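What you are looking at is a predicted structure, and each value in this text was computed from that prediction instead of being measured. Throughout, residue positions are numbered sequentially from 1 according to the sequence presented. For the numbers below, each heavy atom of this structure counts, side chains included, while hydrogens, waters and symmetry mates do not.
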Amino acid sequence: MDEHDARDWWEARYAGSEGIWSGRVNAVLAAEAADLPVGRALDLGCGEGGDVVWLAEQGWTATGVDLSATAVARAGRAAAAAGVDGRTTFVAADLATWAPEDDERYDLVTASFLQSWPVEIPRAAILRKAAGFVAPGGHLLVTAHAAPPHGDLPEEMRAYRFPTPEEDLAAVLGSDEATADDPAAGGPAAGGPAAWAVLSAERRPRTTTTADGTTHETEDSVVLVRRRA
C-alpha cells in the first residue's frame with residue numbers, strides 16, 4: 001500500500017479511540033538514554049508522545065514526528081500536561097519524505113517500534129535516512145518487535161516478518177553486510193558512508209502483561225550506534 005493508505009490507516013486507528021498507548025516511556029529508551037549527555041533529540045514515529053515527553057522531562061529538547069495528525073495533537077497535549085511543551089515540538093509528516101529544517105542534526109535519534117501492519121511503510125529506507133540526522137558524536141537507537149508482542153496474534157499480523165538486529169543494523173548503515181567487529185565493545189561497523197561505533201545489536205527478552213494479567217514472553221531487537229566525531 002502507498003503512503004496515503006498508511007496515513008489513512010493510522011489516522012483512523014488513532015481517531016477511533018481515546019488513546020492507544022500507555023503514555024509511558026519505552027523501557028529500552030529509558031535504559032539507553034539515561035546516561036547520555038542531554039542535548040537535542042528526535043523521535044521517529046512518536047505516536048502519542050510518551051517518549052518525547054520523557055526525554056523533555058530529563059532535560060532534552062525533543063522533537064517527535066508521526067504520520068497521524070491525531071496522534072501528534074495528543075502528544076502536544078501530553079507535553080503541555082507534563083509542563084514540558086516549551087522543550088517539545090511535534091510534527092505530523094510522512095517519514096519517507098520528511099527531513100529536519102535547515103539540515104538540523106540531533107544528539108539522539110530514536111525509533112521505538114516503528115513497525116506498521118497490515119499497511120506497510122518503507123521502514124528500511126526511513127532508518128537509513130535517520131542515520132543522516134545524527135550529529136557527530138550523537139547516537140541512533142532503534143528498538144523493534146523481534147517476535148510477536150503478545151500471544152493473541154491478530155490475523156493481519158500472522159504474515160508479518162519481524163526484523164532482526166542484523167537487518168536493522170544493515171538498514172541504518174546502508175549495507176546488506178553491515179556487522180559489528182565487537183558490538184559489546186563498540187567496534188567499527190562495515191559499510192555505510194559514515195564511520196560508526198556499534199554499541200549494541202542484539203535481541204533482548206521481555207515479559208509483557210495484558211490488562212487481564214496474562215503474561216507473554218517476547219523479544220525486542222535493539223540497535224544502538226554512535227556517529228564518530
Side-chain angles (χ1 to χ4, degrees), residues 25-37 39-47 51 55 63-66 94-100 105-117 120-149 157 159-206 217-229:
V25 62
N26 282 300
V28 172
L29 173 62
E32 298 294 347
D35 296 326
L36 296 181
R40 296 167 299 169
L42 172 65
D43 183 21
L44 302 177
C46 68
D51 286 356
L55 285 164
T63 297
V65 184
D66 197 274
D94 179 7
L95 290 172
T97 57
W98 178 85
R105 296 296 178 262
Y106 299 86
D107 303 296
L108 172 63
V109 177
T110 181
S112 297
F113 307 111
L114 180 64
Q115 294 162 277
S116 180
W117 55 75
E120 294 184 1
I121 59 173
R123 183 173 177 276
I126 291 169
L127 294 182
R128 180 68 197 111
K129 282 182 60 178
F133 302 155
V134 181
H139 294 76
L140 171 59
L141 173 64
V142 179
T143 306
H145 296 296
M157 282 182 60
Y160 184 80
R161 185 176 179 277
F162 292 93
T164 67
E166 294 78 14
E167 289 168 339
D168 277 355
L169 181 61
V172 165
L173 300 180
S175 168
D176 291 338
E177 299 177 352
T179 58
D181 289 345
D182 182 359
W196 296 87
V198 180
L199 306 181
S200 182
E202 63 185 14
R203 291 174 177 265
R204 295 186 187 176
R206 176 166 58 92
E217 301 302 318
T218 187
E219 286 185 320
D220 293 333
S221 165
V222 179
V223 171
L224 178 63
V225 295
R226 183 182 68 247
R227 183 183 289 278
R228 299 183 188 278

Find the distance between [atom1] ([X]) and [atom2] ([Y]) and round it off to the nearest 0.5 Å.
X      : Y      : atom1 : atom2 : value
Arg203 : Ser221 : CZ    : OG    : 7.0 Å
Thr97  : Ile126 : OG1   : CD1   : 9.0 Å
Leu95  : Leu44  : CG    : CG    : 5.5 Å
Leu42  : Arg105 : CG    : CZ    : 10.5 Å
Leu36  : Leu224 : CG    : CG    : 7.0 Å
Phe113 : Leu29  : CZ    : CG    : 10.0 Å

### Message
Tell me whether Lys129 contacts the main-chain N or O of Trp98 through its side chain, where contact means a donor paired with an acceptor under 3.5 Å.
### Response
yes
### Task
Ignoring hydrogens and angles, tell me if any N or O in the side chain of Asn26 forms a donor-acceptor pair with the backbone of Val28 under 3.5 Å.
no
Return the minimal non-hydrogen interatomic distance between [X] and [Y], and the atom names on each side.
X      : Y      : result
Arg206 : Asp220 : NE-OD2, 2.7 Å
Val198 : Ala201 : CG1-CB, 4.3 Å
Ala30  : Val25  : CB-CG1, 3.9 Å
Gly39  : Asp107 : CA-OD2, 3.4 Å
Val223 : Pro165 : CG2-O, 3.5 Å
Ser112 : Asp43  : N-OD1, 4.5 Å

### Gln115: side chain to side chain donor-acceptor pair (under 3.5 Å) partners, not counting sequence neighbours
Tyr160
#### Entry: Residues in side chain to side chain donor-acceptor pair (under 3.5 Å) contact with Arg40, at least two apart in sequence or another chain
none
### Message
My understanding is that only residues two or more places apart in sequence, or in another chain, count here; which of them pass side chain to side chain contact (heavy atoms under 4.5 Å, CB included) with Ala131?
### Response
Arg128, Leu140, Val172, Trp196
## Note on the structure
The side chain to side chain contact (heavy atoms under 4.5 Å, CB included) partners of Ala41 (sequence neighbours excluded) come to Leu55, Trp60, Ala62, Leu108
### Query
Under 4.5 Å between any side-chain heavy atoms of Leu141 and Val222, yes or no?
yes
### Set of salt bridge (Lys or Arg N to Asp or Glu O under 4.0 Å) partners for Arg204, sequence neighbours left out
Glu32, Glu202
### Message
My understanding is that only residues two or more places apart in sequence, or in another chain, count here; which of them pass salt bridge (Lys or Arg N to Asp or Glu O under 4.0 Å) with Asp168?
### Response
Arg123
